[in-house]
Amino acid sequence: FMQTMFADLLARLRSEAPGVAVEWVAPRDPSLPRPSGDIVGNDGPFVGLALDAAIGMALARNPDLAVSQSSRRVASFQIVAATGAYDLRLEVQPSYANARSPSVSTFQAGPDGSPLRTSTLGASASISGLTEHGGRFSATTSLARAKNDSTVNSYDPYYATALGISFTQPLARGRAIDDARRGIALAKINADLADDTALLTASNVVNETVIAYDNLVAAWKNVAIQEDALRQARAQSESNARLVRGGVAARVDVVESDTQVAEFQENVYAAIANVASLQNSLKSSILGDPGDPIWTANLVPTTPLAPLVPEPALADVVTKALTSRPEVGRLRENIRAQNVNVAYADDQRKPQIDLNVGVTENGFAGRATPPTNNPFVVSTATQVGEIDALIARANASAPPGTTPLVPIGAGLGSPLFPGSTGGIGASYKSLFAGTYPQYSVGATIAFPLRNRTAGATYRAEVERRQSLLAQEVGLIQRVQLEARNAIQGYRSSRARLSAATAARTAAEIVAASEARKFRAGQSTTFLVLQRQVAVANQRGRELQGQSDVQKSLVELDRVTGAILANNGVDVRKIGSASLGTVPDLLAPAKR
């Protein structure tokens, strides 16, 4: 059935489908010049380019690395901002108040029943902060000058001072971790994460640059191989032409050799086109200015090929990768950050139990008012006078040697509390003397009855951590897979290179022997050309083998995380330059 169906389809195509460019032949215009073998846009000189210079230029001009540098500096600023939670906070509050209120009683009135006038001028200052164990402290001092013309006041004006210290220490929630410590821990982890991101970006840049450089090396060597094959084919064609003129060979031998020359010419053009493409790719990664004159130059790699190294052990590659690769570091920084979030969420499930301790010393002094200003004293003046008269008669009739009684009216003209008179200095003196101390000890206990919010938040953070741990397992497995493939690739590329070298050596020997037989008249042009093609092909395979070995070495460096160190990149400089500048990221030995 299938055969019948396809047969019907082919029959329809032959009968119904139109012909595709039936009259098409390769266009030939003798007036057009022959295509140039030069590379388009590369009319400048040949410029040698070392690998370390290419790496330095690529690192200096890579925009992603510039962004990583900026992110690293932002992370360092965030650490400073987070530690600012422990900065002392100074607060000053000057104040002034003036009030005039109606007289509502004898004890709340001014002189002669006038409205009560009160004015207060003062200031308070406090310093507060946090401790590294979640405690909160504050030291406060205040000074106030109060003037009140109330008739019952014994001081006008008077000065009130205070100096107090308070401290609150969490005993449950907030004791192990709080917002400040969580913010600092996350900021430090974020800085490490920014470092790992910068290293990963730099590693990718170096990896791409080294591969592009090795590809350009192989492309230039392929041009040399194809040109050498072209020279040999031309020499054979010229030899055949001489034999034809001598009547020793048929003219078809010249046609046959010219055909091979044309094929090798095509190979040379293709090799040059490949060089042009790889040069443009490398230039785009190392040049940041479209007007840079290096765009017009032919870049020639000058760094020798990397030497072969002994095949590393799988366990060593995996161990080094897990300790050196920046993507492994990034994931573990994320796990560290999530551990902080889990600890904070777990702490929020605890009840709030805070111990509060406070000590305050108060000071007081003022200018005493005459007691006679007090209406209560005035209203009792008559009774006081009669009592003093009785005291005077008692003193007059007292036997000699008896201590006389003191009239109570004698104290009406002196302050009621003589120990508290004075100004600001006297107020502070009583403060530091501890005349009016105040101590307090208390506790604050608070918690939701169910606390579902904290419980759900904690479970969510634990789940996020489990997800990161699963990613870590996957990353370790991927590292092992990449390590196996990298070592196998290195082993296979070395084996292919060894085989290709042996095949190229044998092909050159066979081609030389065939050429000698041809000159002795014991071979044909066809066989000689076949041997030349075989030599070119084997040289190409050997070149491909060399390129594969170099790329496998680069892959080993990438997998183990040693690509920066092995290419002379100073990792301490990554992320240290200002945005928009050209940093010197190469180690001193590589500059």
Side-chain angles (χ1 to χ4, degrees), residues 26 28-30 32-40 42-43 45-46 48 215-279 298 300-302 305 496-547:
R28 299 187 64 181
D29 190 345
L32 293 177
R34 189 175 183 179
S36 171
D38 296 332
I39 297 176
V40 176
N42 290 13
D43 53 357
F46 285 85
N215 286 337
L216 186 57
V217 170
W220 275 119
K221 289 183 175 294
N222 186 47
V223 170
I225 291 174
Q226 300 304 327
E227 287 181 341
D228 184 67
L230 177 60
R231 284 192 296 269
Q232 293 183 14
R234 283 177 174 171
Q236 184 63 37
S237 179
E238 293 171 357
S239 175
N240 289 345
R242 289 192 297 271
L243 294 176
V244 169
R245 288 193 297 270
V248 179
R251 184 168 181 79
V252 69
D253 290 339
V254 176
V255 175
E256 189 176 10
S257 58
D258 286 346
T259 301
Q260 190 60 58
V261 168
E263 292 181 1
F264 281 135
Q265 283 179 338
E266 181 182 354
N267 293 342
V268 170
Y269 280 121
I272 292 176
N274 189 35
V275 167
S277 176
L278 293 175
Q279 275 195 5
N298 279 291
V300 180
T302 59
L305 297 177
R496 291 196 304 272
L497 175 59
S498 178
T501 300
R504 185 263 307 163
T505 302
E508 289 176 345
I509 294 174
V510 172
S513 175
E514 198 68 41
R516 290 192 298 270
K517 290 169 62 178
F518 179 82
R519 289 191 295 271
Q522 298 178 357
S523 182
T524 64
T525 299
F526 174 78
L527 292 178
V528 171
L529 294 177
Q530 289 299 310
R531 303 307 183 193
Q532 290 178 354
V533 171
V535 169
N537 290 337
Q538 295 303 331
R539 287 176 177 175
R541 291 191 180 95
E542 183 183 28
L543 175 61
Q544 184 62 50
Q546 291 177 343
S547 179

What closest approach, in Å, do [X] and [Y] show between heavy atoms, and which atom pair accounts for it?
X	Y	value
Gly48	Thr302	CA-CG2, 3.6 Å
Pro301	Val217	CB-CG2, 3.3 Å
Val261	Leu230	O-CD1, 3.5 Å
Ala219	Asn274	CB-ND2, 3.9 Å

For this session: Start with the C-alpha gap between Gln532 and Val535, add the side-chain angles, then the distance that decides, and say whether side-chain contact (heavy atoms from CB on, under 4.5 Å) holds.
Result: CA-CA 5 Å; Gln532 290 178 354; Val535 169; 5.7 Å; no

Which residue in the set [options] passes side chain to side chain contact (heavy atoms under 4.5 Å, CB included) when paired with [X]?
X	options	result
Leu543	Lys221, Arg504, Gln538	Lys221
Phe518	Leu527, Val528, Thr524	Val528
Leu529	Glu263, Gln232, Glu256	Glu256

Interatomic spacing from [atom1] in [X] to [atom2] in [Y] - rounded to 0.5 Å:
X	Y	atom1	atom2	result
Ile272	Asn222	CD1	CG	10.5 Å
Arg539	Thr501	CZ	OG1	12.5 Å
Ile225	Phe264	CD1	CZ	11.5 Å

How about [X] and [Y]: do any of their side-chain heavy atoms sit closer than 4.5 Å?
X	Y	result
Trp220	Gln279	yes
Leu497	Glu542	yes
Arg496	Gln544	no

For this session: Give a yes-or-no answer on whether the side chains of Gln236 and Asn240 include a donor-acceptor pair shorter than 3.5 Å.
Result: yes

Problem set entry | N/O donor-acceptor pair under 3.5 Å between Asn537 side chain and Val533 backbone | yes

Exercise. Backbone N or O of Ala233 within a donor-acceptor pair of the Ser237 side chain at under 3.5 Å?
Worked result: no

Exercise. Can you name the salt bridge (charged side-chain N to carboxylate O under 4.0 Å, His left out) partners of Glu514, sequence neighbours left out?
Worked result: Arg531

For this session: Please step through salt bridge (Lys or Arg N to Asp or Glu O under 4.0 Å) for the pair Arg234 and Glu238, ending with a clear verdict.
Result: CA-CA 6 Å; Arg234 283 177 174 171; Glu238 293 171 357; over 6 Å; no

